[in-house]
**Student:** 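The structure that follows is given in the form of structure tokens.
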Amino acid sequence: MYVEFGCVQDARRVFDGIEMKDVVSWTTIVAGLARAGCLDEARNLFDKMPERSVISWTSMVSGYSQARCAVESIELFKKMISAGVFPDTVAMVAVLSACAQLRDLELSKWVHQYVSYAGIGVSDNLAVALIDVYAKCGDINSARRVFDSSGQKILPAWNAMIDGYCKMGDIDMARSLFDQMEVRDLISFNSMMTGYIQCSQLKQALQLFVELRTSGFQPDKFTLVGLLSACANLNSLDQGKALHAYIEVSSIAFDVFLGTALLDMYAKCGKMDEAMMIFNRIHNKDVMTWTVIISGLAMNGKGKLALEHFDLMRKESIRPNAVAYIGVLTACSHSNLVEEARKHFKEMISLHNIEPEIEHYGCMVDILGRGGLLQEAVKLIDGMPIEPNAVIWGSLLNACRVHKNVDIAEKAANHILALEPNEDAVYVQLYNIYANSGNWASASKIRRLMEERGVKKTAGYSYLTVAGQVHKFIAGDRSHPEINEIETMMDVMAKKLKLAGYLPITSEVSVDVDEEEKEQALFVHSERIAIAYGLMRLGTSLPIHIMKNLRICKDCHIAIKLIAKTWNRKIVVRDRSRFHHFSDGQCSCNDFW
DNA sequence: CCACGAACTA
């Protein structure tokens, strides 16, 4: 009884008072302790047991796997077999859960073979565990074979299959299974909806959310985490706020997962004050929570504060992982903290034994390059134990643009073009570097090369939300219903900017030379059209939040600083790599990006 | 007396 009520220590006292202890009483106490997470105590008693049943062994195997000690769990399972105890389906499920945690495909296959070899019948639950482990290890075909061969398919089996297909990115296959299901539960809906969100098929995700509601389900925390991550990636602050309000009035528990998702939404919408309030409300902050706040501060130009939070995190004895260090290095990169970056990069290896991945090298190349240490950046690339990818060379190329180094730029560009000959951004970057240095012959050679290879420049676009409606703007696109008013506003903007002393940077204007664009009378980048629309349609007290698919250019950056000052408006632009908070003629990035 | 499913970070 005590075990059942979770009073393990009371149970332990009763147990110690029993004179004639049989296997069942031993097992009960061991299982109770293991389930309560008192693994050392459980193990201690387990080792002292005069005899052990399958259930005793399984209690320990599952205790370890539930405590996320997958290695110990599997070790114990192997000991159980060598002790001559035959596992049942329950034991197999327990050990497979440990395999799933490790994402160890080889081990999972071995366990599966053992099931056949030992003649253990595949129960419904065991089939689910097998499907789940294969799906988690990325072997969707094996998962499907188990699924197809299991006679009666219970709901979790379908859900595990759907989840597996979503993880593989095969959203159509997932949907086809979803449609075949006769009964669906909330998990089915959540899995499918999250799958759509992760494939950026947001219309479909929304449609599924509507279906979820009309099927009579109440959104739970998984639903909300999915929706919040969609808002985060779409910069949909209004919808995100509505979800936040819903969470506050609903009975959904505010736990670390939901808190982190909310925090991430606010950070990705450029609202660090709100993000910070959420952050302070989260009780059991884990490494992800800290990583989200560090990366959020980093992206929003508060690099120093981000690093302070990294120190706080370590004071709380939370061990940073590889992703946390990417946040730290991003903070250094966006705030030009070269020395701090060097220190953290070294500590990551020496203190935490984390092997730098390609992303860490990418950050370092970015930091060194933009700090003007181009030679050192090249040296780092040459000494990398991993083959540098296009992102690494792209960082170097970008640094060459900032620091006007044509020689290294050519080297970097050649590497990228060898790796990704259809990457339009490289041609554009190189073109700009040549154009900026006045080397028009080489510039036009690049232009011709692009034409020969049929590489099309990605159109730049920006969007903003007004009254819950998303408005997308592409330079030169006149399809917006209010285009005439917008163009009037653009004229007013141009006049006011001129009065404020704005001169377009002509070399940067050539950045986006696209013949089609050039023909347009209205030659401006999309973010400025979006800002014009924001000035027209948003209340004067509201900040203007813009999302842009490419990096903001120097000319627009200067112009927006002036617009923010002239109109006395806060303007936030989220470009493809970071945030720019414009206010009173200044930008949070201090012109470093 | 033992088991099972989904989520947030670059």
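Only heavy atoms go into these numbers, but all of them, side chains included; no hydrogens, no water, no symmetry mates. Chain naming here is simple, since letters A, B, ... match the order of the sequence lines and numbering starts at 1 in each.
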**Student:** Between residues 54-67 of chain A and DNA chain B, which residues have a heavy-atom gap below 4.0 Å?
**Tutor:**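 The stretch gives A:I55, A:T58, A:S59, A:S62, A:Q66 as the residues lying under 4.0 Å from the strand, ordered by number.
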
**Student:** Enumerate the residue pairs fulfilling side-chain hydrogen bond (donor to acceptor under 3.5 Å, both in side chains) with a member in residues 123-136 of chain A, sequence neighbours excluded, ordered by first and then second residue.
**Tutor:**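 Only A:H112-A:Y134, A:D132-A:K136 qualify under side-chain hydrogen bond (donor to acceptor under 3.5 Å, both in side chains).
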
**Student:** Give one of base, sugar-phosphate or nothing for A:N125, where a contact means two heavy atoms less than 4.0 Å apart.
**Tutor:**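 Contact class for A:N125: base.
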
**Student:** Among pairs that include at least one residue of residues 49-99 of chain A, which meet ring pair (Phe, Tyr, Trp, His ring centres under 6.0 Å), considering only residues two or more places apart or in two chains?
**Tutor:**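 For residues 49-99 of chain A: A:F46-A:W57.
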
**Student:** Is any side-chain N or O of A:K285 closer than 4.0 Å to OP1 or OP2 of B:dC8?
**Tutor:**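 Result: no.
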
**Student:** Taking only the side-chain nitrogens and oxygens of A:K136, find out if one of them lies under 4.0 Å from OP1 or OP2 of B:dA6.
**Tutor:**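 Indeed, a polar side-chain atom of A:K136 lies that close.
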
**Student:** Just to verify, what does A:N300 make a side-chain hydrogen bond (donor to acceptor under 3.5 Å, both in side chains) with, not counting sequence neighbours?
**Tutor:**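 A:N300: side-chain hydrogen bond (donor to acceptor under 3.5 Å, both in side chains) contacts with A:H581.
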
**Student:** Hey, does the side chain of A:Q198 come within less than 4.0 Å of B:dC8's phosphate (OP1/OP2), counting only N and O?
**Tutor:**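 True: A:Q198 side-chain N/O within range (under 4.0 Å) of B:dC8 OP1/OP2.
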
**Student:** In whole Å, I'd like the distance from the CZ atom of A:F222 to the C1' atom of B:dA7.
**Tutor:**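 In whole Å, B:dA7 C1' and A:F222 CZ are 6 Å from each other.
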
**Student:** Describe the nucleic acid contact of A:N233 in one word from base, sugar-phosphate, nothing, applying a heavy-atom distance below 4.0 Å.
**Tutor:**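 Nothing, no heavy atom under 4.0 Å.
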
**Student:** Using a heavy-atom cut-off of 4.0 Å across all strands, would you classify A:V292 as base, sugar-phosphate, or nothing?
**Tutor:**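 Sugar-phosphate, backbone atoms only, no base.
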
**Student:** Partners of A:H360 by ring pair (Phe, Tyr, Trp, His ring centres under 6.0 Å), sequence neighbours excluded?
**Tutor:**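 Checked A:H360 against ring pair (Phe, Tyr, Trp, His ring centres under 6.0 Å); zero matches.
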
**Student:** What residues, two or more places apart in sequence or in another chain, satisfy side-chain hydrogen bond (donor to acceptor under 3.5 Å, both in side chains) together with A:S142?
**Tutor:**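 Counting only residues at least two positions away or on another chain, A:S142 forms a side-chain hydrogen bond (donor to acceptor under 3.5 Å, both in side chains) with A:D139, A:R145.
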
